[in-house]
2 protein chains.
Amino acid sequence: MTPPDDIVPITVDAETALAHAPPGHKDELRLWLRLLTCTTLMEGEIRARLRRDFDTTLPRFDLMAALDRAPQGMTLGEVSRRMMVSNGNVTGLAARLESEGLVERRAMPGDRRAQLLRLTARGRREFARQSAAHEGWIAELLGGLDPAERAQLFRLLGRAKAGVRAALAPEGETA
Amino acid sequence: MTPPDDIVPITVDAETALAHAPPGHKDELRLWLRLLTCTTLMEGEIRARLRRDFDTTLPRFDLMAALDRAPQGMTLGEVSRRMMVSNGNVTGLAARLESEGLVERRAMPGDRRAQLLRLTARGRREFARQSAAHEGWIAELLGGLDPAERAQLFRLLGRAKAGVRAALAPEGETA
DNA sequence: CCGGATTAGTTTAGGCTTCAAAGATTGGTC
DNA sequence: GACCAATCTTTGAAGCCTAAACTAATCCGG
């Protein structure tokens, strides 16, 4: 034995683990870890439910969501920027969805380099089902907050996002 | 030049794209997308800097961070729970870090199933360098918020996290 | 002591993701 | 028309990640 003679470290996540950290740690770090934990927790649950209920994945869902809002189609590059992922990533994702008959490629009129990606009829139906469930899940997971808290959180995250973008902007930047 | 003749659809991310969505979309969804964008943005920058400055990755860094706070070592299972990733994931991650001489395995006294994972001396030195830079990056990226905003955001994220955990708890749950 | 349930860790198959390099096309300049 | 730079996409190598199946060790009730 000799197991837990003193401490039982059931620290659940990295942010909680830092709670009793020695002083000197910046509170920015705690904020970041809490943000990360929060997102990871929700994202993991969404992924699990997408798999369980629709046998699909979050990246697939995200790609279809982007296309659903662009009935006329989007090029791979546009999708890649919207999803904030690499080009090559979208290539593979689109290939898999195409092989399942959920999206289709069309030649881009006037530019033979690019291709338009669009949902098929089946893809639209399928996404409608998934999307409705997804919206409910989000509402459920965030239901612990009252409307005022949600509004406040939304506002602060907007400020944070703007701050991050500003910190990332290549120095002298106006637009 | 013929650049922007009509619309320049520079919709930067999914959340922004939803800003002018038809009504009926729940505000929870917008909140979730903003949370996700915020995290993704920061995480992507951290990943890029870890690669650029230390030729390492976020998962490696996270594993080393967990070990750094447990000088006596952690089992693979403990690491896996702390990082909220699967067992098999930690197996591979630990193998890579071990092959680079940054972590080492020790037999767990009294339980031949388990192994203790610890930073090597080199791993500790390396992590100290990375950690210092990392803390600075976070402070830089979140510097756009003043202390009051950070505190408020921290509090609201705590509420959100608790709400998500509650929604995920297996029904009749007391502890 | 035996046998079943549990726990720790590994393995496998498949998908996601990035970076870097290469192929194809376009637009502008001379 | 010929080049050259920029843009769109694909490919390949490597790593990350999960679920599920598996092995090994421990625990525990009889």
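Order of the sequence lines fixes the chain letters, A, B, ..., with proteins taken first and strands second; residue numbering starts at 1 for each chain. Since we're looking at a predicted model, the values are computed, not measured.
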| What do you reckon, are the aromatic ring centroids of B:Phe61 and B:Phe127 less than 6.0 Å apart? | yes
| task | Before accepting this row, confirm whether a basic side-chain N of the pair B:Arg122/B:Glu126 lies closer than 4.0 Å to the acidic partner's carboxylate O. | result | no
| Of all the choices, D:dT10, D:dC17, D:dT26, which nucleotide is nearest to the side chain of B:Leu93 once you look at every atom? | D:dC17
| Separation of D:dT9 C1' from A:Leu116 CG (nearest whole Å) | 13 Å
| Do we get B:Arg34 above A:Phe154's six-membered ring, with its NZ or CZ under 6.0 Å from the centre and within 45° of the axis? | yes
| query | How long is the line joining CZ of B:Arg96 and P of C:dT10, in whole Å? | reply | 13 Å
| message | Closest approach to the side chain of B:Asp111, judged atom by atom: which nucleotide of D:dT18, D:dA25, C:dC19 is it? | response | D:dA25
| query | Taking OP1 and OP2 of C:dC16, is either one under 4.0 Å from a side-chain nitrogen or oxygen of A:Asn89? | reply | no
| task | Indicate, with a heavy-atom threshold strictly under 4.0 Å, whether B:Gly77 touches base, sugar-phosphate, or nothing. | result | sugar-phosphate
| note | A:Leu50 CG to C:dC16 C1', in whole Å, measures 14 Å
| task | Using the closest heavy atom to pick a nucleotide of DNA chain C for each, name whichever of A:Arg47 or A:Gly110 lands nearer the 5' end. | result | A:Arg47
| Can you check the A:Arg81 CZ to D:dT9 C1' distance for me, whole Å? | 12 Å
| query | Below 4.0 angstrom, N of the basic side chain to O of the carboxylate: do B:Arg82 and B:Glu78 qualify? | reply | no
| field | Basic-acidic side-chain contact under 4.0 Å: A:Glu45, B:Arg165 | value | no
| said: Near DNA chain C, counting only heavy atoms under 4.0 Å, which residues of residues 53-63 of chain A show up? | reply: A:Thr57, A:Pro59, A:Arg60
| What integer distance in Å separates A:Ile46:CD1 from D:dT18:C1'? | 17 Å
| query | Hey, does the side chain of A:Arg105 come within less than 4.0 Å of D:dC8's phosphate (OP1/OP2), counting only N and O? | reply | no
| field | Side chain of A:Arg113 - closest among D:dC17, D:dC8, C:dT18 | value | D:dC8
| B:Thr91, nearest nucleotide to its side chain (from C:dT25, C:dT10, D:dT26) | C:dT10
| task | Using the closest heavy atom to pick a nucleotide of DNA chain C for each, name whichever of B:Leu76 or A:Arg112 lands nearer the 5' end. | result | B:Leu76
| How many Å lie between CE on B:Met74 and P on C:dA8, as a whole number? | 12 Å
| message | Could you check whether atom CG of A:Asp146 has more than 12 heavy atoms from other residues, nucleotides or ligands sitting under 6.0 Å from it? | response | yes
| Euclidean distance, atom CE of residue A:Met83 to atom C1' of C:dC16 [Å, nearest integer] | 10 Å
| query | Which listed nucleotide (D:dC8, C:dT10, C:dA8) is nearest to the side chain of A:Ala114? | reply | D:dC8
| Quick one: which of C:dT17, D:dT10, D:dT7 gets closest to the side chain of A:Asn87? | D:dT10
| said: Both A:Ala48 and B:Gly92 contact DNA chain D. Which one's nearest nucleotide lies toward the 5' end? | reply: B:Gly92
| task | Check whether any side-chain heavy atom of A:Leu76 lies under 4.5 Å from a side-chain heavy atom of A:Arg105, and answer yes or no. | result | yes
| field | Set of side-chain hydrogen bond (donor to acceptor under 3.5 Å, both in side chains) partners for A:Ser80, sequence neighbours left out | value | A:Asn87
| task | Specify the separation, in whole Å, of atom CD of A:Glu43 and atom C1' of D:dC16. | result | 14 Å
